[in-house]
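Some notes on the structure that comes next.
First listed ligand is number 1; within each ligand, the first listed atom is number 1. Numbers here simply count residues along the sequence, with the first being 1. Predicted model only: the values in this text are computed from it and were never measured. The analysis underlying the following values was restricted to heavy atoms, covering all of them including side chains, and did not include hydrogens, waters or symmetry mates.
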Amino acid sequence: MPTEDAITMLGIETSCDETAAAVVRRHPGGRAEVLSSVVASQTEAHRPFGGVVPEIAARAHVEIVDSITRQAMAEAGIGFDALSGVAATAGPGLIGGVMVGLSFGKALSLARGLPLVAVNHLEGHALSARLAADAPYPFLLLLVSGGHCQLLVVEGVGACRRLGTTIDDAAGEAFDKVAKVLGLGYPGGPALEALAMKGDPDRFTLPRALLGRKDCDFSFSGLKTAASRIAQAECHTDQDRADLACAVQNAIARQLSERADRAMALYVHDHRHRLFVVAGGVAANKTVRRVLEDTAAARGFAFLAPPMEYCTDNAAMIAYAGAERLAAGMTSELGVAARPRWPLDEVSALADPTHKTGRKGAKA
Ligand code: KG4
Ligand code: ZN
């Protein structure tokens, strides 16, 4: 049953390499109050392997999900009987990890007699802007992280329409892969940004993807291949590497801006209120942020980037999406399955054959 009472939600997030738990209160009307948000990153465990190792991630989640949850409850200063429900990420993501958090959420729901809400991780990101700012629906969202790169019209909970997605790598993945080629370690995005500051933007020319198309899809694999070739053939000094880092950063920022611009043009056809939100780890990149802010301004859109703690993976966004769902009367059965792939907008994902297959396919 829909409700307009305040809702206090526990959220659990274990879909990648962060174990997170949070307590969020949703006030009538939708305003969010974050009572606690605890994130334990596994970056150090994965660093020796140059990327996230799914089995290591799943085991690490098992080891700490209960203590992280206890910490979130303690920091919120409430007992389990004060909760209105439990929200857990049910996908998309690394399936071993997703199963850990979802099973834990189910157990809590059963033991405490609380409603369970299985949350799509992407819906968590989609609504994250509302955790710290007044971001009325609808708005246009660019979600740009290590796992995702998509443009979404967020009409409300359970009502996100996808305008475009990547047909291969996510933008953060492109940053990470080029950083690896340049010997910058993992995760490479921030290191590549630091190196790019010393680079000459005009030294190397990189290919522009999907130029002939009119849609809002992304592609970064050609850029990554071209950058790898240049790195091997022409990068011998620190200056060479800085010049390449600068070219890659600008190429990624330009593609994000071009597709965002197309999406804004489509969006204004049927929406009056113009708000553009960028979320995900890549939103930390200053060049990306500046270019997107300029693009939004040129189209008359207000620009909003949530604070970094809510841009990168966290459980506050899962708790809030769960609270929005609970407020609308949408809960899940205890038998709900964990899903490695779970497009937010299943209609668009299935209608477009380019997104059905491939490693990232429906996930991205
Ligand atoms: O949202 P996030 O923490 O995790 C998910 O992928 O869900 O995003 C992490 C991604 C990584 O690929 C990382 O390299 C990238 O965001 N990233 C950056 C920067 N900070 C993080 N990329 C470019 N410049 C940055 N400053
Ligand atoms: Zn994420």
Confirm or rule out an N/O/S atom of Cys16, from backbone or side chain, lying less than 2.8 Å from the Zn ion (ligand 2).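 No - counting backbone and side chain alike, Cys16 has no N, O or S atom under 2.8 Å.
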Gap separating the [atom1] atom of [X] from the [atom2] atom of [Y], nearest 0.5 angstrom:
X	Y	atom1	atom2	result
His27	Glu33	NE2	CD	4.0 Å
Glu293	Ser257	CD	OG	12.5 Å
Glu13	His61	CD	NE2	7.5 Å
Leu116	Thr331	CG	OG1	8.0 Å
Leu195	Glu193	CG	CD	11.0 Å

Considering the heavy atoms of Gly147, write down every atom of ligand 1 situated less than 4.0 Å from one of them.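 Under 4.0 Å from Gly147, ligand 1 has these atoms: 6 (O).
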Looking at Gly172, which atoms of ligand 1 are within less than 4.0 Å of one of its heavy atoms?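 Near Gly172, meaning under 4.0 Å from one of its heavy atoms, ligand 1 has 12 (O).
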Determine the minimum heavy-atom distance between Pro187 and Thr43, stating which atoms define it.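 Shortest heavy-atom separation between Pro187 and Thr43 comes out as CD-CG2, 3.7 Å.
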Assess, by modelled atom type and distance only, whether the side chains of Thr237 and Asp240 contain a donor and an acceptor separated by less than 3.5 Å.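 Distance-only check passes for Thr237 and Asp240.
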Are side-chain N/O atoms of Asp168 and Ser219 paired as donor and acceptor at under 3.5 Å?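 Checked: Asp168/Ser219 side chains pair up, N/O donor to acceptor below 3.5 Å.
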Indicate yes or no: does an N/O atom of [X] lie under 3.5 Å from an N/O atom of ligand 1?
X	answer
Gly146	yes
His125	no
Gly188	no
Gly280	no

Metal-centred angle, NE2 of His125 through the Zn ion (ligand 2) to NE2 of His121, rounded to 10 degrees: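 Roughly 90°, rounded to 10°.
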Could you tell me whether the side chain of Asp313 reaches within less than 4.5 Å of the side chain of His121, counting heavy atoms only?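 They are in side-chain contact.
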Would you please determine whether Cys16 falls within less than 4.0 Å of ligand 1 on a heavy-atom basis?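 The answer is no, since Cys16 has no heavy atom less than 4.0 Å from ligand 1.
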Heavy-atom nearest option to atom 3 (O) of ligand 1, drawn from Leu184, Thr312, Leu192: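 Among Leu184, Thr312, Leu192, the closest heavy atom to atom 3 (O) of ligand 1 comes from Thr312.
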Please write down residue, atom name and distance for the protein heavy atom closest to [atom].
atom	value
atom 26 (N) of ligand 1	Glu193 OE1, 2.7 Å
atom 13 (C) of ligand 1	Asp176 OD1, 3.7 Å
atom 17 (N) of ligand 1	Gly281 O, 3.7 Å
atom 24 (N) of ligand 1	Asn285 ND2, 3.0 Å
atom 22 (N) of ligand 1	Gly189 CA, 3.4 Å
atom 15 (C) of ligand 1	Val282 CG2, 4.0 Å

Tell me if the centroids of the rings in Tyr267 and Phe276 come within less than 6.0 Å of each other.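 No, they do not, as the ring centres are separated by 6.0 Å or more.
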Using side-chain contact (heavy atoms from CB on, under 4.5 Å) as the criterion, point out the one residue from Leu163, Thr166, Thr165, Leu151 that pairs with Asp217.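 Only match with Asp217 under side-chain contact (heavy atoms from CB on, under 4.5 Å): Thr165.
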Nearest to the Zn ion (ligand 2) - the N/O/S atom of Asp313, by atom name: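 Minimum-distance N/O/S atom of Asp313 relative to the Zn ion (ligand 2) is OD1.
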